[in-house]
Amino acid sequence: MRTCAAQGMRTLVDALAPAADVLASGGSIGAAAEACLAGAEQTKGMQASAGRSSYVPDEVLGEIPDPGAMAVAFCMQAISKAFGADA
């Protein structure tokens with residue numbers, strides 16, 4: 001995967017990185033889904049410096065989480081449920 005996005009840039013990486021950290025440390029898929037959603041929620045109020053949100057004025061973004069981050073979080077929750085986790 002090639003991207004210039006990093007955590008804190010208001011992209012789906014803000015959701016994926018915490019989930020990857022949980023999985024890399026041996027955590028469950030349920031815990032990874034929770035971390036993913038928490039990371040996505042943390043994009044509220046962030047200034048977008050990469051991704052599609054970077055084209056939208058900050059005052060419009062306000063307290064709306066990054067759509068890509070939320071989409072990844074919802075997918076991670078679905079995967080978790082498919083594997084029978086509680087998240």
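Using a 4.5 Å cut-off between side-chain heavy atoms of Ile, Leu, Val, Met, Phe, Trp and Tyr, with links allowed through other members, Val22 and Phe83 fall into different hydrophobic clusters.
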Pair Ile29-Ile79, side-chain contact (heavy atoms from CB on, under 4.5 Å): steps then yes or no:
CA-CA 8 Å; Ile29 191 81; Ile79 292 167; 4.2 Å; yes
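Between the side chain of Ser80 and the backbone N or O of Met76 there is no donor-acceptor pair closer than 3.5 Å.
Screening Thr43, Leu37, Leu12 against Met70 for a side-chain contact (heavy atoms from CB on, under 4.5 Å) leaves a single residue, Leu37.
Taking both residues in full, the closest heavy atoms of Pro18 and Ala15 are given as CD-O, 3.3 Å, listed atom of the first, atom of the second, then distance.
Separation of atoms CD (Glu41) and SG (Cys36) is listed at 11.0 Å; rounding is to 0.5 Å.
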